[in-house]
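Quantities reported herein were computed from a predicted structural model and do not represent experimental measurements. Values below: all heavy atoms of this structure, side chains included; hydrogens, waters and symmetry mates excluded. We're numbering straight along the sequence, starting at 1.
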Amino acid sequence: MRTLVTGGAGFIGSHITEALLSEGHEVAVLDNLSSGERENLPGCVELFVRDVRDREAVFDVFESFRPTHVSHQAAQISVSQSVNNPYFDAETNVLGGLNVLDAAVKGGVKHFVFASTGGAIYGEVPEGQRATEEWPARPASPYAAAKASFEYYLSVYRQQFGLSYTALRYGNVYGPRQDPHGEAGVVAIFSRRLLKGEPVRVYAKERRGDEGGVRDYIYVKDVVAANMLALEQAVSGIFNVGTGVGHSTMEVLDAVSAALGVAPVVEYSGVRPGDLQRSVLDPSKLEKLGWQANVDFADGIAETALWFKNNQR
């Protein structure tokens with residue numbers, strides 16, 4: 001298996017790259033290093049510093065490395081940025097993705113894995129329910145709309161060109177190496193700010209001062225396991241990657257605070273544009289293939305907070 005990991009120097013992509021290498025696969029990474037870092041990758045990995053929006057550059061990478069498999073993790077990941085600049089979001093997540101997709105078809109790639117979103121694509125998930133893959137897509141942000149659009153392109157490319165693919169709809173992924181400088185990745189943001197003695201902001205679920213939105217938080221190692229299953233078994237279709245359990249923003253803050261032994265100074269804000277009140281996934285479909293979320297919420301938060309404590313910048 002020769003796998004090209006787009007966005008492979010970033011948070012999730014670098015963990016996938018490590019897992020592939022540990023299983024003896026040949027790996028190369030395509031990343032523009034806008035948020036990823038070369039230091040996240042083992043020195044043996046070939047890194048192509050390219051942007052998925054550059055069609056010619058993407059095709060050149062495929063021609064050079066000739067992958068048999070693709071793990072497409074590169075993306076614009078900020079919901080709020082997608083609201084503020086939907087053109088840039090679509091340029092990266094749709095047009096950039098199509099560059100990768102077309103290069104994969106031309107290069108005869110055997111299987112294509114796409115990092116989609118379960119945390120945004122379904123819209124509001126009512127209390128007491130978990131979204132299954134059969135739920136209709138109800139995007140509430142340009143980010144979610146772009147991810148849903150690309151899933152349709154994957155379906156078309158399978159019909160037209162026979163491209164085998166898996167779309168993995170992630171919950172809210174957290175863990176070591178997550179970027180704490182944007183708005184995505186509240187565990188990373190809370191960890192960094194508490195360690196620096198800075199106040200933390202909690203965005204409202206419905207009104208300022210409440211517990212904040214409820215999300216399905218999934219540890220990065222469990223997400224990597226889902227990607228490895230998808231790549232190595234070439235499983236076809238769309239799968240949720242989550243725990244099936246929701247936690248509020250304040251629950252996350254309490255867990256990070258406990259792990260670090262630091263009491264937070266909380267600033268409460270209103271509802272953030274594009275945010276959902278509640279998003280919880282049903283991972284049963286993927287579990288039937290042998291995958292499961294193994295990392296407990298409290299344990300995963302503690303591991304992540306400790307990593308940030310030991311890697312302060």
Side-chain angles (χ1 to χ4, degrees), residues 11 77-80 82-83 117-132 135 138-141 143-144 169-176 178-180 182-195 198-220 222-223 240-283 293-308:
F11 166 43
I77 62 172
S78 168
V79 171
S80 64
S82 79
V83 173
T117 174
I121 207 167
Y122 297 114
E124 292 292 347
V125 179
E127 189 67 40
Q129 297 187 43
R130 304 190 303 177
T132 70
W135 279 43
R138 295 190 177 95
S141 64
Y143 167 78
R169 290 178 173 173
Y170 299 162
N172 279 48
V173 188
Y174 70 96
Q178 191 161 26
D179 183 3
E183 59 87 20
V186 67
V187 179
I189 294 169
F190 285 169
S191 296
R192 177 177 176 270
R193 294 188 73 85
L194 288 180
L195 287 165
E198 299 173 347
V200 297
R201 180 168 297 157
V202 174
Y203 289 95
K205 178 182 180 183
E206 297 179 82
R207 60 187 62 86
R208 188 186 303 268
D210 64 21
E211 292 284 306
V214 173
R215 300 289 183 269
D216 191 330
Y217 290 92
I218 178 81
Y219 193 59
V220 67
D222 290 327
V223 172
N240 287 336
V241 185
T243 66
V245 179
H247 294 279
S248 71
T249 307
M250 283 302 300
E251 286 181 282
V252 173
L253 179 55
D254 289 343
V256 173
S257 175
L260 295 176
V262 178
V265 176
V266 183
E267 296 177 346
Y268 292 97
S269 294
V271 177
R272 186 167 49 187
D275 273 359
L276 301 173
Q277 292 185 12
R278 185 177 185 274
S279 176
V280 180
L281 309 180
D282 184 342
N294 289 314
V295 181
D296 175 76
F297 175 75
D299 292 340
I301 295 287
E303 284 188 30
T304 304
L306 181 61
W307 184 89
F308 277 99

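- Contact check for Ile77 versus Phe11: no side-chain heavy atoms found under the 4.5 Å cut-off.
- The backbone N or O of Asp254 lies less than 3.5 Å from no partner atom in the side chain of Ser257, so there is not a single donor-acceptor pair.
- Going from atom CG of Leu253 over to atom CD1 of Ile189 covers 12.0 Å, rounded to the nearest 0.5 Å.
- With Asp179 contributing its side chain and Gly185 its backbone, the two residues share no donor-acceptor pair below 3.5 Å.
- For Asp216 (side chain) and Gly171 (main-chain N/O), no donor-acceptor pair under 3.5 Å exists by modelled atom type.
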| request: Test side-chain contact (heavy atoms from CB on, under 4.5 Å) on Thr304 and Gln178 and set out the steps. | output: CA-CA 9 Å; Thr304 304; Gln178 191 161 26; 5.6 Å; no
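- Screening Gln277, Lys205, Glu251 for a side chain to side chain contact (heavy atoms under 4.5 Å, CB included) involving Val214 leaves a single residue, Lys205.
- The backbone N or O of Val295 lies less than 3.5 Å from a partner atom in the side chain of Asp222, making a donor-acceptor pair.
- Arg278 places a side-chain N or O within 3.5 Å of a backbone atom of Val125 that can act as its donor or acceptor partner.
- Nearest heavy atoms, Tyr268 versus Gly209: CD2-CA, 3.5 Å.
- Here the side chain of Glu124 pairs no donor or acceptor atom with the backbone of Ala140 at under 3.5 angstrom.
- When all heavy atoms of Arg130 and Gly244 are compared, the pair lying nearest together is CD-O, 3.2 Å.
- A donor-acceptor pair under 3.5 Å is absent between the side-chain atoms of Ser141 and the main chain of Gly274, judged by distance alone.
- In this structure, the side chain of Asn240 engages the main chain of Asp282 through a donor-acceptor pair within 3.5 Å.
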| request: Under the side-chain contact (heavy atoms from CB on, under 4.5 Å) rule, what do Tyr122 and Leu281 come out as? Steps first, then yes or no, please. | output: CA-CA 9 Å; Tyr122 297 114; Leu281 309 180; 3.7 Å; yes
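- For Arg193 (side chain) and Pro199 (main-chain N/O), a donor-acceptor pair under 3.5 Å exists by modelled atom type.
- Annotation for Arg201 and Phe190: closest pair O-CE2, 3.6 Å, computed over non-hydrogen atoms.
- Relative orientation of the Tyr217 and Phe297 rings is tilted, given thresholds of 30° and 60° on the angle between their planes.
- Nearest approach of Phe308 to Gly175, heavy atoms of both residues: CE1-O, 4.2 Å.
- Across every non-hydrogen atom of Gly300 and Tyr219, the tightest pair is O-CE1, 3.6 Å.
- Residue Ser80 comes nearest to Arg272 through the heavy atom pair CB-CD, 4.3 Å, listed as atom of the first residue, atom of the second, then distance.
- At a threshold of 4.5 Å between non-hydrogen side-chain atoms, the residues Val252 and Val187 count as touching.
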| task | Report the C-alpha separation of Trp135 and Gln129 in whole Å, then their side-chain angles, then the decisive distance to 0.1 Å, and conclude whether the side-chain contact (heavy atoms from CB on, under 4.5 Å) test is met. | result | CA-CA 11 Å; Trp135 279 43; Gln129 297 187 43; 3.5 Å; yes
| side-chain contact (heavy atoms from CB on, under 4.5 Å) between Arg138 and Leu276, worked out | CA-CA 11 Å; Arg138 295 190 177 95; Leu276 301 173; over 6 Å; no
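- In this structure, the side chain of Asp210 engages the main chain of Glu206 through a donor-acceptor pair within 3.5 Å.
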